[in-house]
2 protein chains.
Amino acid sequence: MRRVTLNRPFAAALERLRAADLRPTRQRMALARLLLEGGDRHVTAEQVHSQAAESGIRVSLATVYNTLHQFQRAGLIREVVVEAGRSYFDTNVSDHHHLYFEDGGRLVDVPAAQVEIRGLPDLPPGVEVSRIDVILRASAKSK
Amino acid sequence: MRRVTLNRPFAAALERLRAADLRPTRQRMALARLLLEGGDRHVTAEQVHSQAAESGIRVSLATVYNTLHQFQRAGLIREVVVEAGRSYFDTNVSDHHHLYFEDGGRLVDVPAAQVEIRGLPDLPPGVEVSRIDVILRASAKSK
DNA sequence: ATAGTTGCAAAAGTTTTGCATTGTA
DNA sequence: TACAATGCAAAACTTTTGCAACTAT
């Protein structure tokens, strides 16, 4: 009888791709594992590309972008735009906001549960708010 | 006696540049008038560049970017990043938030006075929040 | 076979930089 | 004359597109 046991992380990534109706190709599996293992992270496409290279995975930056966008559409990750020409992909897809340290560019999650927003405007009929992004921009105290 | 009367908009733009310690060069004056006359607007660098061309002002896109950033540093305008690779410059510098229509890319101001945000996290000592951006993303109702 | 997918080279945008030119004292 | 500031061509980045190669019937 043949052993069919797959290691855990592999199986988990496979499962998530399947659930999202994305074929488990070599590149996608590699990127899925890179992103979806090891907790909440904020990474740029460029960083994902470098990390892939470090792990010995050959994949072009274009494919990284395309894959990240597919993952986003599938709800596996979120894109957060913080600055002109700098977007982060966030592996935390729970409802939350962001704290951005302008010096250094670090991005930190702020759970939405603890934040309360009131007084938002009404929208035209047929239109709905699909998402609310709150970004707190932090910098060194000027005083 | 020589007439020294300048037309109003010209004088206003001049005044604002002076107050911001920016030399009133031909290009800057032109962009200042384009941006600071005629109410609150959300424009991309590209749009400013086109409008300048239409008004017969010769200025490169690089200069438009550089000037917009100078204006931002001087507090004359604000930059709002809404989507990867798409930043808007906002001539409304009062405290406010944004409603973004994902189909079409229109951006609308939401006065901050009517919005109340509570439960924001504490920051490390020496760090302060320099700005809070709230972006409501609106799209056609899915139902 | 063949219809749909995938991954990437090349193209398209966007923003920044370096420096010749211009303006100021 | 020197010194700083300006405007832009060219360079550097970031992101998207078009299509050849691959996959799964």
Side-chain angles (χ1 to χ4, degrees), chain A residues 13-14 17-18 20-35 42-53 55-74 76-90 102 105 107, chain B residues 13-14 17-18 20-35 42-53 55-74 76-90 102 105 107:
Chain A
L14 190 65
L17 289 186
R18 286 222 174 105
D21 264 321
L22 294 169
R23 284 200 211 161
T25 62
R26 171 187 297 287
Q27 282 84 341
R28 274 220 275 259
M29 280 295 287
L31 296 180
R33 297 191 49 184
L34 222 64
L35 285 165
H42 300 101
V43 284
T44 62
E46 187 56 65
Q47 286 168 352
V48 173
H49 185 240
S50 307
Q51 283 183 27
S55 320
I57 300 151
R58 282 191 62 267
V59 61
S60 75
L61 185 54
T63 296
V64 171
Y65 270 103
N66 290 340
T67 305
L68 289 173
H69 286 144
Q70 287 167 346
F71 284 5
Q72 184 188 219
R73 244 169 283 134
L76 298 175
I77 61 176
R78 269 176 53 171
E79 187 170 3
V80 186
V81 187
V82 159
E83 249 180 25
R86 177 172 240 168
S87 62
Y88 288 88
F89 292 88
D90 187 348
E102 287 176 322
L107 198 57
Chain B
L14 190 65
L17 289 185
R18 287 225 174 102
D21 263 322
L22 293 171
R23 284 199 210 162
T25 63
R26 171 185 296 287
Q27 281 84 341
R28 274 218 276 257
M29 279 296 287
L31 296 180
R33 297 192 49 182
L34 223 66
L35 286 166
H42 299 101
V43 285
T44 62
E46 187 57 63
Q47 287 168 352
V48 173
H49 185 238
S50 308
Q51 284 185 25
S55 320
I57 300 150
R58 283 191 61 264
V59 59
S60 75
L61 185 55
T63 295
V64 171
Y65 269 103
N66 290 340
T67 304
L68 289 172
H69 286 143
Q70 287 167 344
F71 284 6
Q72 184 188 221
R73 246 169 281 133
L76 298 176
I77 59 176
R78 269 176 53 170
E79 187 169 4
V80 186
V81 187
V82 157
E83 249 182 25
R86 176 172 240 168
S87 60
Y88 288 87
F89 292 87
D90 187 347
E102 286 175 323
L107 198 57

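Basis for what follows: all heavy atoms, side chains included, without hydrogens, waters or symmetry-related copies. To find a chain, count down the sequence lines: A is the first, B the second, and so on, and within it residues start at 1.
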Quiz item: Where the side chain of B:Y65 is concerned, which of C:dC8, D:dA9, C:dT15 is the nearest nucleotide?
Solution: C:dT15

Quiz prompt | Between P of D:dT16 and CG of A:N66, the distance in whole Å | solution = 8 Å

Quiz item: Backbone N or O of A:A13 within a donor-acceptor pair of the A:R33 side chain at under 3.5 Å?
Solution: no

Quiz prompt | Gap between atoms CD and P, on A:Q70 and C:dG7 respectively (whole Å) | solution = 8 Å

Quiz prompt | side-chain contact (heavy atoms from CB on, under 4.5 Å) assessment of A:R28 paired with A:F71 | solution = CA-CA 9 Å; A:R28 274 220 275 259; A:F71 284 5; 4.0 Å; yes

Quiz item: When you measure from every atom of DNA chain C, which of residues 43-52 of chain B have a heavy atom less than 4.0 Å away?
Solution: none

Practice problem: Send over the distance from A:R28 CZ to D:dT23 C1', rounded to a whole Å. | Solution: 12 Å

Practice problem: Let me know the distance between CZ of B:R26 and P of D:dG7, rounded to the nearest Å. | Solution: 10 Å

Quiz item: With side chains defined as the heavy atoms from C-beta onward, is the minimum distance between B:E79 and B:H69 less than 4.5 Å?
Solution: yes

Practice problem: Between C:dG7, C:dT15, D:dC8, spot the one nearest the side chain of A:T63, thanks. | Solution: C:dG7

Exercise. Could you pick out which residue, B:T67 or B:A84, lies toward the 5' side of DNA chain D when each is mapped onto its nearest nucleotide?
Key: B:T67

Practice problem: Go through the steps to decide whether B:T67 and B:Q27 satisfy the test side-chain contact (heavy atoms from CB on, under 4.5 Å), and finish with yes or no. | Solution: CA-CA 9 Å; B:T67 304; B:Q27 281 84 341; 5.7 Å; no

Exercise. Using atom CZ of A:R86 as one end and atom C1' of C:dT14 as the other, report the distance to the nearest whole Å.
Key: 15 Å

Quiz prompt | Interatomic spacing from CG in A:L31 to NE2 in A:H49 - rounded to 0.5 Å | solution = 9.5 Å

Quiz item: Can you check whether B:F89 reaches B:V48 side chain to side chain, under 4.5 Å on heavy atoms?
Solution: no

Quiz item: Can you check the B:I57 CD1 to D:dC8 C1' distance for me, whole Å?
Solution: 16 Å

Quiz item: To the nearest angstrom, how far is A:E83 atom CD from D:dT14 atom P?
Solution: 11 Å

Quiz item: Given C:dG7, is OP1 or OP2 found less than 4.0 Å from the side-chain N or O atoms of A:T25?
Solution: yes

Self-check item: 5' priority, DNA chain D, between B:V64 and A:A62 [closest heavy atom]
Solution: B:V64

Self-check item: Given A:T44, A:T63, A:L35, the one that forms side-chain contact (heavy atoms from CB on, under 4.5 Å) with A:L68
Solution: A:L35

Quiz item: Rounded to whole angstrom units, what separation is found between the NE2 atom of B:H69 and the C1' atom of C:dT15?
Solution: 8 Å

Practice problem: Look at the side chain of B:R23 and decide which nucleotide, out of D:dA5, D:dG7, C:dA9, has an atom nearest to it. | Solution: D:dA5

